[in-house]
Every structure is written in structure tokens, then in C-alpha cells.
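No experiment lies behind these values; they were computed from the predicted model shown.
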Amino acid sequence: MMASRSITTVDELVAAGLLAAGEEASAAAAAEHYAIAVTPAMADLIDPSDPLDPIAAQFVPTAAELVRTEEERDDPIGDRPFTPLPGIVHRYPDRVLLKVVHVCPVYCRFCFRREMVGPQGDGTLTAEQLSAALDYVRANTGIWEVILTGGDPLVLSARRLTEIMRQLATIPHVRIVRIHSRVPVVDPERIDAAMIDALKQGGKTVYVALHANHPRELSAPARDACARLVDAGIVMVSQTVLLKGINDDVTVLDELMRAFVENRIKPYYLHHPDLAPGTGHFRLSIKEGQALVRALRTRLSGLCIPAYILDIPGGHGKIEISERALAGDPDAGYCVTDPQGNTHPYPVKK
């Protein structure tokens, strides 16, 4: 039976059977640094008898989070150097992040912003800070896209989200509003008529980037929530983090990417995990990631293939890190590598 409310403490994890005996102390130590939240929808998907359950591994704190390696950083992708005022990250000329809230319905143990989100994090923008952030967007006419993130913007009430969308509607150079969220999978009942109406305020083109990492997250209620968004004319794309012990398996990734496409969600990014503190146990090597993506290309339609992305530490932006299929030069000809790893000449006009 589904839990009636979110689990937010170690004692509640124990009571729900989601934390093994003897692990309470280490989980509590991790929770002192990084908040716990497991929604009823996610708790219901966990198999308590499986010590390697891929849903539990995303949300239940462990002793491994207490191990910080030398290369890990509090701000692994470099948000702060590109933050001209609270709530705004302006790294690329034509788009900004608008971080309106710093809480989430669930707290992922691998989160790259784990030092900034949660009750201990940067906090929700005040009315004055939000007004200043929107004024920044108005003043910078090169901003074509505003990305609502945080935290998870869909934890806001429909009323608050309506206010933000109406403010964005008054800025003519903003044409695209993108929302990064886990809500459709972790709290699908929030995607109701009021929430959808809020997202459609102002006539902007709206995208929802859904974060999901394992095919079990796309439960029947989650699929219904996504259908409500897409049926309302909201375009959906996916974001997935490649995580050791959760989805570093070609069969799991195959099932997840097919499930996205079957539910009218375009696979967008497969992120190599960032260098966030205490997340080393989730990271696999880039070489391993490239091999998985190469294997996916031998089994999946191009509709199902995401871009394998590395966010360069220090704020230097994203690059695609799939293995290069093309080598050579435009004068002498190219050597092309097929999905099976075989090479073939590709001639050029003399």
C-alpha cells in the first residue's frame, strides 16, 4: 500500500522497511548534510527485500555519501561564477536559469546541486529577489529562453507558478520557457488541471524536461501525468543521469529510452554524473559510458538516442562525449566508424 505522506527522516525510513538494521547511524550522519525526502509514489516502487533496489539507491542515504574525494566540488558545474544576482544563472548568451525555489519533492543522493538545495540550501527567492531576477531578464534582450529550475519549480502552487508565467509573458524577447522537474514521476497527482493551466499562461512555448533514471519510475500514474502535459500541448524531453548500480546497463537504458518515446517524451540528455561531494559511488568512467551509448546505438531507433553529456567542471559548459564516429580530413577523405565498431572509408570529391 502506498504511504500517505513523504518520508523525511531516518526513523521513517526504518519504519517503512527501507533502511536495513545497523545502517541507521550512517544514514543519519549523511542526512545531517543532505536532506531526505521520498514521496509516496517513489516509496511504493521500492522493493525492501532487494538490497540493490535501483529506486532506493537514488533516495535512501548511505555511508558512501560521507566519503568525499579530492576532485569533488561544492559547485561542480560552476553555477556561482555565473550568478549575477540571486536566482539567476547566466552562462550562455541566449538563455538563463531562473532558480525560483530550492526545495524538491525528493532529494536524490547524487544531486549536483546538493550543497544548494533542501532546507539547508540557498532558500526560496523572496518576492523582492524574484522581481529583481525578472527585471534582469527584461533588461537582457538577448535572452530567448528561461529555464525554471532550482530545486524543483513544480513544487510551487499553481497560483505562484501562474504569477511567474504571467510575468514572463510580459517579456517579448523570451520565447521559450523550459521547466526542469521530477514531479511528473515522483508526485504525479500534482500534474492536475490547475498546474497545466498555470504552465500555459501567457502563450509562450513551454517545454518540460523530465528527470527520470530508471524505467520503473515511469509508473502508470507517471505515464498518465505525462500524457496530461503532452495532450495540453506541452512538449516533453527527458534528462537522465548515468548512475552506477542504477542504470549502467544497456538493457535498463534501452527500456528507459523506449518508454520515454512511447510516452511522447523525446530523449534529450544522458548526463555523465557531476563531481558533487559524496557521490563517487555513483560515478562510472567516461569510457564505460561511451561503451553503453555505443551499445544503445546498435539496438535503438534514432528517436530513442539521447546526447551523452559532460558538464565541464568550473562553469565551462556542456559537451557531448560520445565517441567520434568520423576521423580524417575534408581533402583526403574520412574514416567512419559504424555502431559495431567497424571502420569504413568515406571518399570526398577530388
Side-chain angles (χ1 to χ4, degrees), residues 30-31 33-37 57-62 64-83 87-92 95-123 147-155 178-183 185-186 209-214 217 237-248 268-286 289 306-321:
H33 297 279
Y34 308 114
I36 298 169
Q58 295 183 60
F59 306 119
V60 177
T62 67
E65 293 179 55
L66 302 173
V67 179
R68 179 166 179 162
T69 58
E70 184 178 352
E71 71 274 11
E72 292 175 344
R73 306 179 179 202
D74 290 345
D75 182 17
I77 68 167
D79 276 353
R80 290 191 175 113
F82 295 91
T83 300
I88 291 287
V89 179
H90 196 177
R91 180 180 288 109
Y92 304 105
R95 56 203 182 274
V96 295
L97 302 183
L98 177 54
K99 300 197 289 186
V100 293
V101 64
H102 287 83
V103 295
C104 300
V106 292
Y107 290 112
C108 303
R109 311 321 298 176
F110 51 85
C111 178
F112 71 99
R113 289 198 178 108
R114 62 196 328 228
E115 296 289 336
M116 305 175 190
V117 302
Q120 82 293 343
D122 290 350
I147 302 166
L148 298 183
T149 184
D152 193 317
L154 295 190
V155 303
R178 191 192 332 166
I179 293 97
H180 285 193
S181 183
R182 252 183 165 312
V183 163
V185 294
V186 304
L210 175 70
H211 179 172
N213 301 312
H214 193 275
E217 294 176 54
V237 297
S238 75
Q239 294 200 108
T240 295
V241 183
L242 186 56
L243 297 164
K244 184 181 291 187
I246 293 171
N247 58 21
D248 59 332
Y268 179 42
Y269 279 168
L270 178 65
H271 290 275
H272 194 76
D274 296 310
L275 299 176
T279 63
H281 54 297
F282 289 114
R283 286 198 297 276
L284 66 169
S285 70
I286 287 176
Y308 181 33
I309 293 295
L310 175 70
D311 220 322
I312 303 170
H316 301 290
K318 297 180 179 68
I319 57 166
E320 188 168 359
I321 53 174

List the steps and the verdict of side chain to side chain contact (heavy atoms under 4.5 Å, CB included) for V103 and V155. CA-CA 8 Å; V103 295; V155 303; 4.0 Å; yes
Before accepting this row, confirm whether a basic side-chain N of the pair [X]/[Y] lies closer than 4.0 Å to the acidic partner's carboxylate O.
{"X": "D152", "Y": "R182", "value": "no"}
{"X": "D74", "Y": "R68", "value": "yes"}
{"X": "K99", "Y": "D79", "value": "yes"}

Taking side chain as C-beta onward, heavy atoms only, is [X] less than 4.5 Å from [Y]?
{"X": "P61", "Y": "Y34", "value": "no"}
{"X": "F110", "Y": "P273", "value": "no"}
{"X": "T240", "Y": "P306", "value": "no"}
{"X": "Q239", "Y": "L270", "value": "no"}
{"X": "E320", "Y": "I309", "value": "yes"}
{"X": "I88", "Y": "L98", "value": "yes"}
{"X": "H271", "Y": "L310", "value": "no"}
{"X": "R178", "Y": "L97", "value": "no"}

I36 vs Y107, side chain to side chain contact (heavy atoms under 4.5 Å, CB included): CA-CA, chis, key distance, verdict: CA-CA 6 Å; I36 298 169; Y107 290 112; 5.9 Å; no
Euclidean distance, [Y] [atom2] relative to [X] [atom1], rounded to 0.5 Å:
{"X": "H214", "Y": "I246", "atom1": "NE2", "atom2": "CD1", "value": "8.5 Å"}
{"X": "F282", "Y": "C111", "atom1": "CZ", "atom2": "SG", "value": "11.0 Å"}
{"X": "R80", "Y": "D75", "atom1": "CZ", "atom2": "CG", "value": "5.0 Å"}
{"X": "E71", "Y": "R283", "atom1": "CD", "atom2": "CZ", "value": "5.0 Å"}
{"X": "R109", "Y": "L243", "atom1": "CZ", "atom2": "CG", "value": "13.0 Å"}
{"X": "H180", "Y": "I147", "atom1": "NE2", "atom2": "CD1", "value": "5.0 Å"}

Looking at P277, is its backbone amide N or carbonyl O close enough to the side chain of R114 to form a donor-acceptor pair, meaning the two atoms are under 3.5 Å apart? yes
For [X] against [Y], the heavy-atom pair lying closest together:
{"X": "G78", "Y": "P81", "value": "O-CD, 3.4 Å"}
{"X": "T279", "Y": "A276", "value": "OG1-O, 2.6 Å"}
{"X": "L242", "Y": "G289", "value": "CD2-CA, 3.7 Å"}

Is it true that the side chains of H33 and E65 contain a donor and an acceptor less than 3.5 Å apart? no
What's the verdict on side chain to side chain contact (heavy atoms under 4.5 Å, CB included) for F82 and H90, showing C-alpha distance, side-chain angles and the deciding distance? CA-CA 5 Å; F82 295 91; H90 196 177; 5.6 Å; no
Who passes side-chain hydrogen bond (donor to acceptor under 3.5 Å, both in side chains) against N213, sequence neighbours left out? Q58, H211
I312 vs I319, test: side chain to side chain contact (heavy atoms under 4.5 Å, CB included). Steps then yes/no. CA-CA 7 Å; I312 303 170; I319 57 166; 3.8 Å; yes
